[in-house]
There are 2 protein chains.
Amino acid sequence: MKDPAPHKKTRRAPPEGGPVTMATVGRMAGVSQVTVSRALSNPEKVSAATMQRIQEAIRVTGFVPNALAGALASRKSSLITALVPSITNVVYSSLLHGFSEIMRAEGYQLMVSETGFLPETEEALIFTHLSRRPDGILLTGIHHSAAARKMLLGAGIPVVEFWDITESPIDCCVGFSHTETGRRTAEAAFGWGYRRAATVSAGDERALRRRDGFRSRFAELSGDRDIPGITGEAGPASLQSGRLALSALIAEHAFQGGVIHCSSDQSAHGIVTEARSRGLRVPEDIAVIGFGDQDYAGFTDPPLTTVRVDRDRLGRAAARAMLTRFRGEEDPERVTDIGFEVIRRGSA
Amino acid sequence: MKDPAPHKKTRRAPPEGGPVTMATVGRMAGVSQVTVSRALSNPEKVSAATMQRIQEAIRVTGFVPNALAGALASRKSSLITALVPSITNVVYSSLLHGFSEIMRAEGYQLMVSETGFLPETEEALIFTHLSRRPDGILLTGIHHSAAARKMLLGAGIPVVEFWDITESPIDCCVGFSHTETGRRTAEAAFGWGYRRAATVSAGDERALRRRDGFRSRFAELSGDRDIPGITGEAGPASLQSGRLALSALIAEHAFQGGVIHCSSDQSAHGIVTEARSRGLRVPEDIAVIGFGDQDYAGFTDPPLTTVRVDRDRLGRAAARAMLTRFRGEEDPERVTDIGFEVIRRGSA
DNA sequence: TTGAAAGCGCTAACAC
DNA sequence: GTGTTAGCGCTTTCAA
């Protein structure tokens, strides 16, 4: 028997065994597809009896709604996109943790990618992520390529930049001044009596600003213009890189002692470890200041003097900034400085 | 002037300033929307001249394709969903890193959520994630609720369980035997001459299996049936928890020395730290064996004896397993045991 | 090489 | 309360 409608094109065989949709559920419950949709999003607008039958049908069929279709139709994906330099770095992963906790509670899901500290990669990822039509986007830092900024602006969604602050964010930023941490660390160290210093820094842009803040302020205060420094590559420092850095400082820069400003607790820990295994006393011979106040910082021996940033609060503040924008509030805060704290423990 | 078509319902004002779609681009380039689609997915099927005009139009408009619509129409989302206990734990984040690196190269994006080691949370997240219609799903471990297994099976997509192995995976698994790491560690420690032991373990199911493997095997070999142990909560151990555990072992279990089997390098590091600050020698008075071979394990003082799992390889193997399934290969490997290695350094 | 038509599974607007 | 209709922006036929 020929198909009576010559122009009826079907892509696939009839709907036997096809995906379970709201229509499937509706058929089984004796209602239309729309009613199923309503039962799921506005339960109060459906009669109790209908609700019962629909729920039973959902149970039997194992129906899982298609959020892709929902997002397309409603123009709301409930998706938040996040770009961080590296997820293996606790600093960023803990921030994401705090952020996603709040966003999840509000029904949003996170899609994360790593930029590897590379602006080109970030730019490419922004494009890919925007194609998923997220409701908002979270970026690390305040430096993004011109093309990236353009795409972001064009997307017309909230953009939260975190872990740094600027007077001119794309949309809004939540963080603290990296330069200022360096300066305040220098002031603290000078106040504790240190007159000679050195720096050990990772190569990424923010670590360098922390280092430079320390350098210039310490020079100002102590008059010492010759502060030796070891600078690594962009990317996370490790305990090992800290050990190597101290060795290099001693071997190549004839470092004689004083305080060492590190761009991370990891490298600070490495320096302490290396110093001890060389029989040097910490902080008497070599004092060390870390950055980040990682979970272990208070429990090393000696415990690390470091800069504490309330990452939990930062993550939450970023989430709050985004939620505020979703609510469409008038004139929301553009810059949130959550500050930091220099914590003195045993290592300096 | 009244609308001549009384039943013409438009949701929004006419398409002025609306989103930039393929139709917009097509109009500007003087071709139909379909041709724009083709230009993007099958460039070779479009004439060079047309291609030029389309690309120019894309550039001018800043067009970003809507992957939601694409996925809905093609039934392919290029999305992979991953569920891990915690992203702040380097063990899992480094695995994700390796996995996503390969998947991204193949055009897939990762959507990650944290289960917090809770099966109920995992179940809820599986539902949410499946609603995004991922092309594949990556799960941590081999224990999932019955409802979760059912949903997963019903989704009809590749499921890779990693970081553990079982004879009966949902689809396939890539990992190693946790019990076996404990047993082999016990054998190594016994071989090194240790005759007394203790354990310090996190409370999650896999850590407990490592601990039990160590316990029973060490008891078998040494005849010592009285191995004291400290067991923490589910969730990541920290340097601090290791320090506390050693204190508890000494105070509450009158631990006199011997080898301590830890469920992580973090707690092992804590024990070493605590031992030293108490004036105990490592490994002479107290020997410590960690787990994970974290980046710092070889650089603590003394360096940690530990169990190494090639996480990079594991992440890659998991990715390969998934890609194999995407290709629809016949009868693919269901269980991949990537093994582990006991590494002896200074702490035991 | 290009286009027209149909439909992916859902939500929004409206009528009953 | 519930159903009908008209899309959301794309891919997939199929015909030209």
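By convention in this document, chain letters (A, B, ...) are assigned in the order of the sequence lines, proteins followed by strands, and residues within each chain are numbered from 1.
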Exercise for review: Kindly point out which of dG9(C), dG3(C), dG9(D) is positioned nearest to the side chain of Arg38(B)?
Suggested key: dG3(C)
Check your understanding: Is the shortest side-chain N/O distance from Thr35(B) to OP1 or OP2 of dG3(C) below 4.0 Å?
Key -> yes
Point to revise | First encountered from the 5' end of DNA chain C, between Ala23(A) and Ser47(B) | key: Ser47(B)
Practice item. Can you tell me the distance, in whole Å, between the NZ atom of Lys45(A) and the P atom of dA13(C)? Key: 11 Å
Review point. Distance only, no hydrogens: is a donor on one side chain within 3.5 Å (strictly under) of an acceptor on the other, for Arg132(A) and Gln109(B)?
Key: yes
Check your understanding: Which nucleotide, dG1(D), dC10(C), dT12(D), lies nearest any side-chain atom of Pro65(A)?
Key -> dC10(C)
Check your understanding: Between Arg59(B) and Glu56(B), is there a side-chain N and carboxylate O pair less than 4.0 Å apart?
Key -> yes
Review point. Counting any heavy atom closer than 4.0 Å, what does Ser41(A) reach on the DNA or RNA strands: base, sugar-phosphate only, or nothing?
Key: nothing
Check your understanding: What distance do Glu123(B) atom CD and Leu118(B) atom CG have between them, rounded to the nearest 0.5 Å?
Key -> 12.0 Å
Check your understanding: Which one, dT12(D), dT11(C), dG3(D), comes nearest to the side chain of Ser74(B)?
Key -> dT12(D)
Check your understanding: Can you find a side chain N or O atom of Arg75(B) that sits less than 4.0 Å from OP1 or OP2 on dT12(D)?
Key -> no
Check your understanding: Counting heavy atoms not belonging to Gln52(A), are there more than 12 under 6.0 Å from its CD?
Key -> no
Check your understanding: Under 4.0 angstrom, heavy atoms only, what part of the nucleic acid is Val34(A) near: base, sugar-phosphate, or nothing?
Key -> base
Exercise for review: Report the distance from atom CG of Leu72(B) to atom P of dA6(C), rounded to the nearest whole Å.
Suggested key: 18 Å
Point to revise | OP1 or OP2 of dG3(D) under 4.0 Å from side-chain N/O of Ser32(A) | key: yes
Review point. Which nucleotide in the set dC10(C), dC8(D), dT2(C) lies at the smallest distance from any side-chain heavy atom of Met22(A)?
Key: dC10(C)
Revision key, fill the gap. Picking from dT1(C), dC10(C), dC8(D), the nucleotide nearest the side-chain atoms of Gln33(A) would be dC10(C)
Practice item. When you get a sec, tell me which of dT12(D), dG3(D), dC8(D) is the closest nucleotide to the side chain of Ala73(A)? Key: dC8(D)
Practice item. Report the distance from atom CD1 of Ile58(A) to atom P of dC10(C), rounded to the nearest whole Å. Key: 10 Å
Practice item. Mind calculating the distance between NZ (Lys76(A)) and C1' (dA12(C)) to the nearest angstrom? Key: 15 Å
Review point. Can you check the Arg27(A) CZ to dG3(D) C1' distance for me, whole Å?
Key: 15 Å
Review point. Ser37(A) has a side chain; which of dG9(C), dT11(C), dG9(D) sits nearest to it?
Key: dT11(C)
Revision key, fill the gap. Between CZ of Arg133(A) and C1' of dG9(D) the distance, given in whole Å, is 9 Å
**Study point:** 5'-most by nearest nucleotide on DNA chain D - Met51(A) or Gly70(B)
**Key:** Met51(A)
Practice item. Starting from C1' on dC8(C), measure out to CG on Leu68(A) and report it in whole angstrom. Key: 10 Å
Check your understanding: Between Asn66(B) (CG) and dC10(C) (P), how many Å, whole number?
Key -> 17 Å
**Study point:** More than 12 heavy atoms of other groups within 6.0 Å of Lys45(B) NZ
**Key:** no
Practice item. Assert yes or no for the condition that the ring centre distance of Phe326(A) to Tyr108(A) is strictly below 6.0 Å. Key: yes
